Protein chains: 2
Amino acid sequence: MVEKVTSLDVARLAKVSQSAVSRVFSGASASKATIAKVRAAADQLGYRPNTLARAMITGKSRMIGLVVAYLDNQFYPVALERLSNALQAEGYHVLVFMASNATDNVEPIVQELMDYQVEGIVFASVSISSDLTERCASAGIPVVLFNRGQDGLGLSSVTSANIDGGRQVAEFFVAGGHRRIAHIAGWQGSSTGRDRALGFRQGLKAAGVPLLAEIDGMYSREAAQSAARVLMARSDPPDAIFVGNDHMAFAVMDTLRSELGLSVPNDVSVVGYDDVPLASWDAYSLTSVRQPMNRMVEATVDTLLGQIADRDRPAQKVEIAGPLIVRASARIPEGWKT
Amino acid sequence: MVEKVTSLDVARLAKVSQSAVSRVFSGASASKATIAKVRAAADQLGYRPNTLARAMITGKSRMIGLVVAYLDNQFYPVALERLSNALQAEGYHVLVFMASNATDNVEPIVQELMDYQVEGIVFASVSISSDLTERCASAGIPVVLFNRGQDGLGLSSVTSANIDGGRQVAEFFVAGGHRRIAHIAGWQGSSTGRDRALGFRQGLKAAGVPLLAEIDGMYSREAAQSAARVLMARSDPPDAIFVGNDHMAFAVMDTLRSELGLSVPNDVSVVGYDDVPLASWDAYSLTSVRQPMNRMVEATVDTLLGQIADRDRPAQKVEIAGPLIVRASARIPEGWKT
DNA sequence: AACTGATTTGCATTCGTATGCATTAAAGAG
DNA sequence: CTCTTTAATGCATACGAATGCAAATCAGTT
């Protein structure tokens with residue numbers, strides 16, 4: 001029933017040595033004749049090389065670890081899909097680990113990944129300690145942070161131009177005539193959250209418009225919604241809110257419209273960040289700064305595979321600018337709409 | 001730099017044999033004394049067993065292959081997360097493969113999975129050929145279909161009670177006084193799509209209400225939206241539409257409200273299937289049949305691990321009933337709202 | 001036909017861990 | 001204190017494929 005076909009079986013049937021079979025399947029040199037014989041025998045037996053055994057000897061498992069935190073944010077499933085496909089195209093495969101929330105359970109996860117001899121690790125919006133960075137480095141495992149940067153530790157990272165993105169939103173609001181502007185920020189423990197907020201403040205400052213208020217939305221629906229309630233309960237409520245990512249922006253729009261009975265964008269303009277597919281759906285039609293997913297994935301794969309191929313290639317921080325996608329959730333300044 | 005620590009290194013430092021080290025880490029019998037020595041030496045060197053080498057000899061890779069098709073439907077990221085966590089808790093890990101759309105590329109994917117020596121495979125909403133089923137069987141790899149059934153091939157599957165769910169919706173519509181009822185069905189090439197439609201038609205028939213029209217929405221936003229347009233362009237447009245899953249239902253609501261300027265549920269009631277998180281967001285507030293994700297995942301893991309532990313355990317088809325979650329997208333019959 | 005150089009091929013070993021078997025140490029019985 | 005039983009340990013081998021090395025085959029040259 002459970003017929004394990006090994007290279008030796010193929011060798012016997014094809015009347016060649018096991019080495020010959022190995023060479024045929026690993027693309028090493030072999031004569032036309034043997035290749036034909038081996039192929040025929042392999043097909044007959046349904047032989048396929050055992051990736052694990054191959055990994056043992058070559059030291060290359062052709063597996064990449066992917067650690068993801070927020071799978072309820074539509075951005076990450078999409079990223080996962082693209083990353084998986086891109087890596088598959090390069091002959092790598094993805095071992096997925098969930099780092100559900102708690103930062104402290106990322107350590108055992110990385111250990112397990114290393115036990116599986118992954119050749120590299122992608123952290124999607126997960127921060128890691130310098131200790132862990134050190135361990136990966138000394139194990140010779142390249143690491144790339146996706147959609148999150150981290151200073152100090154010499155780690156490669158791929159992000160969008162978050163500061164610039166924040167600034168674009170500020171300019172958009174100001175151009176739209178908004179003067180009571182608030183920010184429900186991405187988690188301030190993350191570089192993306194900080195950078196978007198920083199750029200936004202810079203943009204407002206440059207325009208001479210004060211920031212009415214800023215609340216950390218923690219990348220959570222609940223936190224964002226209560227932030228929205230706090231903001232709108234003020235005596236001088238904002239007429240424009242920049243929300244740190246789309247996932248929170250949807251929550252904010254829900255609260256503004258259903259709970260507070262306000263109109264978006266007539267009463268309040270809302271802008272998000274990420275431009276996930278859902279942002280374009282009519283129920284939200286969210287104006288948002290696009291994270292150029294394809295190029296981010298491309299850069300991630302390039303960086304990772306580059307470091308795998310050349311172990312002591314220096315870490316690189318890639319930052320990719322994305323445009324503001326204008327939809328209906330925020331007042332559109334004159335001249336922005338073509 | 002790349003310091004590979006093997007059990008032999010630990011053995012030397014602890015002054016015991018390599019076997020002793022192996023036994024300590026695989027939980028086999030060993031004296032208190034050696035356990036202590038080995039543990040100490042291992043900690044000092046930072047040793048961890050190589051999962052791949054271990055897999056080679058035991059034949060158990062502790063990896064499960066997961067094949068997913070639609071990652072833009074929120075149901076699947078959630079399923080992925082739950083499955084991954086549940087399997088992690090059992091010491092297994094998930095190798096993810098995308099079966100993006102095309103049915104014919106699922107075959108090479110399964111081959112690759114088998115090359116990695118996965119111990120079992122979960123197909124999430126992916127159908128497989130009898131040929132492929134045969135190959136997995138003869139390779140001794142248990143297979144579970146998640147959220148899809150398939151007749152004929154003796155495959156285990158875990159689904160919700162789709163026929164029953166469809167019937168519930170029919171009864172709900174009828175109780176709500178609807179008489180012009182249509183169905184934008186899930187892909188009729190899938191058991192879930194067929195069963196939901198079947199149950200829905202049965203329910204209507206039992207109530208003596210005719211089905212106005214039924215169109216296959218193919219589980220795609222675009223197809224569902226054009227189906228909605230077709231339905232509403234009739235001279236006798238429906239006043240209630242059962243949509244084969246939430247993902248399509250959102251698209252239908254977008255079209256009804258934004259494009260056709262209709263009110264949901266005043267002009268048309270809409271009910272979906274899955275009860276994904278997004279269904280509860282205020283922008284949609286979609287009435288939907290819940291798929292009991294937790295129990296489905298639990299059943300999937302149980303079935304899979306059961307078959308792994310006991311290779312010739314017969315396949316089982318698990319079907320779990322889920323309730324209709326009543327929200328605001330459909331007219332609520334008297335007495336349903338408590 | 002004999003010799004040189006280039007390919008092929010097979011042999012033997014290796015990767016890191018688990019495990020059957022034989023051996024030794026410890027523990028219990030009398 | 002000896003004999004038996006049980007537990008602990010080490011030795012050697014196995015898992016399945018890749019690869020350095022040497023032997024063998026082939027092609028090409030004169």
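Everything numeric here is computed off the predicted structure, so don't read it as measured data. Chain identifiers are assigned alphabetically (A, B, ...) following the order of the sequence lines, protein sequences preceding nucleic acid strands; residue numbering begins at 1 within each chain.
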Report, one line per pair, each donor and acceptor closer than 3.5 Å where one atom sits in a side chain of residues 89-98 of chain A; sequence neighbours left out.
{"residue": "A:His93", "atom": "NE2", "partner": "B:Glu112", "partner atom": "OE1", "Å": "2.6"}

Ring geometry between B:Tyr70 and B:Tyr76 (parallel below 30°, tilted from 30 to 60°, perpendicular above 60°)
tilted
So A:Leu87 and A:Leu66, do their side chains get closer than 4.5 Å, heavy atoms only?
no
Treat primed atoms plus P, OP1 and OP2 as sugar-phosphate and everything else as base, then score nucleotides 17-26 of chain D 5' to 3': B for base contact with protein heavy atoms under 4.0 Å, S for sugar-phosphate contact only, - for none.
BBBB------
Answer yes or no: is there a side-chain heavy-atom contact under 4.5 Å between B:Val301 and B:Val122?
no
Taking only the side-chain nitrogens and oxygens of B:Ser31, find out if one of them lies under 4.0 Å from OP1 or OP2 of D:dA7.
no
Atom-to-atom span, NZ of B:Lys4 to P of C:dT14 - whole angstrom:
16 Å
Interatomic distance where NZ belongs to B:Lys32 and P belongs to D:dT9 [whole Å]
12 Å
Atom CE of B:Met114 and atom C1' of D:dG16 are separated, to the nearest Å, by 16 Å
Would you say the side-chain atoms of B:Gln88 and B:Ser84 include a donor-acceptor pair closer than 3.5 Å?
yes
Going by distance alone, is a donor N or O of one side chain under 3.5 Å from an acceptor N or O of the other, for B:Thr51 and A:Gln117?
no
Nucleotide D:dG16, atom P - distance to CG of A:Leu45 in whole Å:
14 Å
Spacing of B:Lys60 atom NZ relative to D:dC15 atom P, expressed in whole Å:
17 Å
Nearest-Å distance, CZ (B:Arg12) to P (C:dG16)?
11 Å
Rounded to whole Å, how long is the line connecting atom CG of A:Asp115 with atom C1' of C:dG16?
13 Å
